Chemist: 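One structure follows; several queries about it will come next.
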Amino acid sequence: MQNDSDSNNIIVFKDVDKMYPSGANGIHAASFSVPKNEFVCFMGPSGCGKSTILNLIAGLEQPTKGDLKLPTNVSVVFQNGALFPWLTVIDNVAFGLRMKGIRKNIAREQAKKYIDMLKLSAFQDNYPRELSGGQRQRVGIARALAIQPEVLLLDEPFSALDETTRFALYSDLLDIWKAHQLTIVMVSHQIEESVFLSQRVIQMDNHEIQREIPIDLPYPRDVRNSDFMDKVNAIRDLLPKQT
Amino acid sequence: MQDKGITPHPLQSLPAEKRPSISSIAYAYAYILIPLALTIGVIIVLHLLGETFDGSKERNLNLIANGLIQTLARLSIAYVAALCVAIPLALMVDSSPLATKICLPIYDTLQSIPYLIFLPVIVLVFTQVGFLQGATVVLLFLGMLWALVFNLITGLRVVPTEIKNAGHVFGARKFKFFWNVTLPAVTPYLITGSLLAWGAGWNLVIVAEVLHTYLPSTVAVKDVLGIGNVLVTSETTGNSFMFVSALFTIISIVVIMNFFVWQKLLSYAERFRFE
C-alpha cells in the first residue's frame, strides 16, 4: 500500500463509500492511492463497483462517505466511445477545447494534432456512425487527450473490439502514456488486458477492493512470454471461481 | 455470378450504395411534382377568381396573400412562444426522479383538458383590452404546446448517461451543456414535436381566426385577418371561388412546408440520433 500522505500521489481514496438506492454498483471502504505517471488497472466482474470508482475520480459522482484527493484535470475514455453523433470526428476531438472557450478554428487546429497521433486523419470529417468500433475508440482517446489531462480514465474502452484492433490500440495507448507522462486509471474485466497494460492491478469483488497485485514485467510485454502467462494465471487463480 | 446474355439494368451496374433507392426516387417526384401541381392549381384558381367574380383580381389576390402571411406570422409567434415554454417544462421533468413523479401527472392532466372550452373566456379577456390578435395567438400556442413538451420529454429520456457524462467531463456546464449537449441530443424529437405542433396549429387556424363569432353581437371588435378567416368567411358569404382558392392555398403551403422544411429537417436530424 502506498503512503497516503505522499504528495506524489495524484489520487487518494480513504475509506470511501458510495451507496446507491438500488444497492448495485456501490463501493464500500475503498482505500487506495495512485502516484503520478502510474498505469493502474481496476479489475473485477460486472457490477462490482469498478466503474463507480472512475465516476468518483472524474467528479461525476460524490461519495457517500470518506476522504478523496482528486486531480483537477481529468479526462475520460468511455466504454462505448460516447462520441457526440452530431459532431464530425474533428469537432468531437475539439469539443473539450471549445468548452474552454477556445475559438473554433484554433480548437480544430489543436485537435488535428491528436487526430494525427491516433491515425484518424482520413476520417476527420466523418461522423461517428460512419466509423468502425476501433476507430470510434481512437476518436474517444483523441478527444480525451486533446484537453491535455493529468489523469486519463478509461472505462472498459476495448471490451467491444476484436483482438487485432485491441492490440493495435494497446500499443498506441502505451506509447501515449509514456510520451505524455500521463497517469492512467483503467477499468477492465479482462486479465490479459490488465496484465499487458498496467503496472498494478487492483482486484475488486463484491463492492470492495480485494487486493493489489503489482505487475513488474518490463515493457513492451509479450503475451506469449512465460512470465506474462504466469502472471495471468496467478491472477486467474486468485479470482473467485465462476460458475 | 452474372448470367451470360443478361444485360444488367443501368442502375444495377452501379455499386449498391450509389444506386438510388425506391424511396429516394419517390421523394424526388414528390419534392418536385406535388408542390408544382399545387402551385399551378392556386395560380389557376386565383386567375379564375379575379376574372369571374368582381373583376378585382388584385383585391382577391391581396386578401389571400395577406391572409397567408398573417397566418404564417401568427403560427410562427405561437410556435416560438410554445417552444420557449415547452423547453423549461421538459427540462423540469428531467431534473430529478422526484420532479418526474410530480410533473408528469400534472402535464398529463393539463394536456387532456380540452383547451377550447376556455375559448370564450380567452376571447373576452382579450376583447376587454382590445387585442383580439392576442386571443388567436394564445389559442394556437395552447394547441402547439403539448406536442412539443411530450416529445422533448421523450427526447431527454433517451439521451445515454455516457453522453451526459462526456459533456460534463469535457467541461460543458449549465447553458453550455444545454446548448452543446442537451439541445443537439433532443433535436430529432424536437423536430418531430415541431411537425406535430404545426399540424395542430394549422388545424386550429380556422377556429382561432374567426373568434368574433364567439362574441355577443353587441360587442364591436376588429376581426383577425388570416387565411383561416378567409376560408370561413368566403364559405359563409357564398364566395365559393374564394373558398376553393383559400383551401388550395392552405393545402399547398402545408404540403410545401412538409416537403421543403420538415422532411429536410427530419433527414438532417438522423445524424443526431443515438445508435
Side-chain angles (χ1 to χ4, degrees), chain A residues 21-22 25 51 54-61 72-88 91-102 104 107 111 126-131 133 136 139-140 142-149 151-157 160, chain B residues 15-18 21 87 94-102 151-152 154-194 264-275:
Chain A
S22 67
N25 297 317
S51 292
L54 281 200
N55 286 345
L56 287 167
I57 299 174
L60 291 168
E61 292 183 56
T72 45
N73 194 2
V74 186
S75 203
V76 183
V77 179
F78 293 90
Q79 189 167 7
N80 298 310
L83 303 177
F84 303 113
W86 53 87
L87 295 179
T88 57
D91 287 332
N92 260 291
V93 177
F95 185 85
L97 300 169
R98 296 277 294 129
M99 291 304 108
K100 284 182 175 175
I102 297 171
K104 197 168 193 168
N126 286 65
Y127 285 92
R129 67 176 62 245
E130 298 161 341
L131 306 180
R136 280 183 215 182
V139 180
R143 179 177 66 176
L145 291 174
I147 60 167
Q148 296 179 298
V151 176
L152 184 63
L153 308 176
L154 297 110
D155 190 0
E156 301 192 31
Chain B
E17 69 273 17
K18 286 194 177 165
S21 64
I87 290 173
D94 199 49
S95 61
S96 75
L98 182 70
T100 311
K101 268 187 198 159
I102 295 171
N151 270 286
L152 283 170
T154 314
L156 288 169
R157 283 189 170 180
V158 300
V159 183
T161 313
E162 269 204 338
I163 289 284
K164 291 185 201 168
N165 284 348
H168 282 293
V169 164
F170 294 107
R173 298 278 182 281
K174 292 178 181 154
F175 183 73
K176 272 186 180 174
F177 187 87
F178 171 74
W179 188 253
N180 293 289
V181 181
T182 311
L183 203 57
V186 300
T187 294
Y189 294 85
L190 181 61
I191 292 171
T192 311
S194 302
K264 278 207 188 308
L265 282 175
L266 282 171
S267 71
Y268 167 75
E270 273 311 301
R271 77 161 66 131
F272 288 68
R273 228 173 256 286
F274 300 104
E275 283 160 271

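Numbered from 1 within each chain, the chains take letters A, B, ... in sequence-line order. What you see is a predicted model, and the numbers here were worked out from it, not measured in a lab.
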Chemist: Which atoms of A:Leu83 are under 4.5 Å from chain B, going by heavy atoms: the side chain, the backbone, both sets, or neither?
Modeler: backbone
Chemist: May I ask you to check whether over 12 heavy atoms, not counting those of B:Lys174, lie within 6.0 Å of atom NZ?
Modeler: no
Chemist: How many angstroms lie between atom CG of B:Leu152 and atom OG1 of B:Thr192, to the nearest 0.5 angstrom?
Modeler: 10.0 Å
Chemist: Could you tell me which portion of B:Arg173 (side chain, backbone, both or neither) has an atom closer than 4.5 angstrom to a non-hydrogen atom of chain A?
Modeler: neither
Chemist: Sort B:Pro184 into side chain, backbone, both or neither according to what part of it lies under 4.5 angstrom from a heavy atom of chain A.
Modeler: both
Chemist: For each of A:Phe78, A:Phe84, A:Trp86, tally heavy-atom pairs with chain B at distances under 4.5 Å, and name the one with the top tally.
Modeler: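 The candidate making the most pairs under 4.5 Å is A:Trp86.
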Chemist: Tell me, out of B:Lys176, B:His168, B:Glu162, who's got the most heavy-atom pairs with chain A below 4.5 Å.
Modeler: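 Highest number of pairs under 4.5 Å: B:Glu162.
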Chemist: Which value, rounded to the nearest 0.5 Å, describes the distance between B:Leu190 atom CG and B:Phe272 atom CZ?
Modeler: 10.5 Å
Chemist: A:Val74 versus chain B, heavy atoms under 4.5 Å apart: side chain, backbone, both or neither?
Modeler: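 Contact with chain B involves the backbone of A:Val74 alone.
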Chemist: Going by side chain to side chain contact (heavy atoms under 4.5 Å, CB included), name the residues that satisfy it together with A:Pro157, two or more places apart in sequence or in a different chain.
Modeler: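 Testing A:Pro157 for side chain to side chain contact (heavy atoms under 4.5 Å, CB included), a comparison that skips the adjacent residues, returns A:Val77, A:Gln137, A:Leu154, A:Met186.
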Chemist: Given a strict heavy-atom distance threshold of 4.5 Å, which part of B:Ala185 is in contact with chain A: side chain, backbone, both, or neither?
Modeler: both
Chemist: Is it the backbone or the side chain of A:Tyr127 that comes under 4.5 Å from a heavy atom of chain B, or both, or neither?
Modeler: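 Side chain only.
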